[in-house]
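Some notes on the structure that comes next.
Residues take their numbers from the sequence shown, with the count starting at 1.
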Amino acid sequence: QFIKTSGTSSQYLMADGSTSTGPTAGVDGTGTANKVAKFSDSDTITDSIITDDGTSVGIGVSGSSAKLHVKASNSGASAVANGTFIIEAGSAPSIQILSANTQTQFIKFGDAQDGDAGGISYSHSTNEMKLRTNGGDKITIDSDGQMGVGTTDTASYGFSINTGDGTERFVIDSTGVGTFNGAMTIESNTDTILKLNNSDNGPQYVTFSRSNDRHAYFGFGGSSDNFT
């Protein structure tokens, strides 16, 4: 308990028992409701670009349309209701993930049963990108742009599909029928179903093989423009 017996007004009692007239300069400035404050200089507080209304946070925007809304400039677009994270810019908005060149970077999608059920990854050591679904990598694009679907083997083919049951299947359907039995099926409502184009005017072949041995083929073109 402090009992004042004498002294001078506007003085402060210090911890060592001495008195002081207090700080020579205070902190001044004004602010806006819901704006996070910042120091604009050593003794002045003002508004920052961050808004916190107790429910959502906006950076560069006063009325956040999501839990976190980062706005560089006005896009003119309307946010989808109940969005969680919005990045907005009028021109070329982007998200960039940086790491050392030996690391793999991830964007993961998870639920209560599997924390990384789906995702996208990029390996800087191999320059491969992978698409993950149902807890496993399903599509791989290697550094040469070759792609494997259901297989990580991209070296053998420019585009490889493996169904996982020992068969390979590639389906192109423009009719909407959706009934397929062959290893490769093409359905179309147009006159041209399959087009083979050889830029050097050489012959073109369709080959039938067993265990990589050619048993039969037919071809067209070359110097005579006849079927063979």
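Remark: side-chain polar atoms of K138 are paired, donor with acceptor, to backbone N or O of T133 under 3.5 angstrom. Between the Q105 side chain and the Y122 main chain, no donor and acceptor come within less than 3.5 Å of each other. Panel note: side chain S73, backbone G90; a donor-acceptor pair is recorded below 3.5 Å. In this structure, K67 contributes its side chain and T55 its backbone to a donor-acceptor pair below 3.5 Å.
Between T51 and V57 there is no side-chain heavy-atom pair separated by less than 4.5 Å. Between M147 and I139, some side-chain heavy-atom pair lies under the 4.5 Å cut-off.
In this structure D52 satisfies the side chain to side chain donor-acceptor pair (under 3.5 Å) test with no other residue, sequence neighbours excluded. Evaluation of the side chain to side chain donor-acceptor pair (under 3.5 Å) rule for T126 yields S123 as partners, not counting sequence neighbours.
With rounding to the nearest 0.5 angstrom, the CG atom of D53 is 10.5 Å from the OG atom of S62. Interatomic distance, CG of N127 versus CG of D144, reported as 10.0 Å (0.5 Å rounding). Between the CZ atom of F218 and the OG1 atom of T207 there is a distance of 9.0 Å, given to the nearest 0.5 Å. Distance CG/D137 to CE/M129: 12.0 Å, rounded to 0.5 Å. In this structure, the separation between OG on S56 and CG on N34 is 9.0 Å, given to the nearest 0.5 Å.
Sorted pairs that involve residues 84-119 and meet ring-ring contact (aromatic ring centres under 6.0 Å, His included), not counting sequence neighbours, are lacking altogether. For the salt bridge (charged side-chain N to carboxylate O under 4.0 Å, His left out) condition, the pairs that include at least one residue of residues 115-129, sequence neighbours left out, are D116-R132.
Cluster partners of I86, using a side-chain heavy-atom cutoff of under 4.5 Å among ILVMFWY residues and allowing indirect links: none. Hydrophobic cluster membership of L98, counting Ile, Leu, Val, Met, Phe, Trp and Tyr whose side-chain heavy atoms lie under 4.5 Å apart directly or via other members: none, as it forms a cluster of its own.
Using modelled atom types, one finds a donor on one side chain and an acceptor on the other under 3.5 Å when comparing D47 with T32.
By the criterion of side-chain heavy atoms lying less than 4.5 angstrom apart, applied directly or through intervening Ile, Leu, Val, Met, Phe, Trp or Tyr residues, V61 is not grouped with I59; the two fall into different hydrophobic clusters. Cluster membership check: F39 does not share its hydrophobic cluster with V36, using side-chain heavy-atom separations under 4.5 Å among Ile, Leu, Val, Met, Phe, Trp and Tyr.
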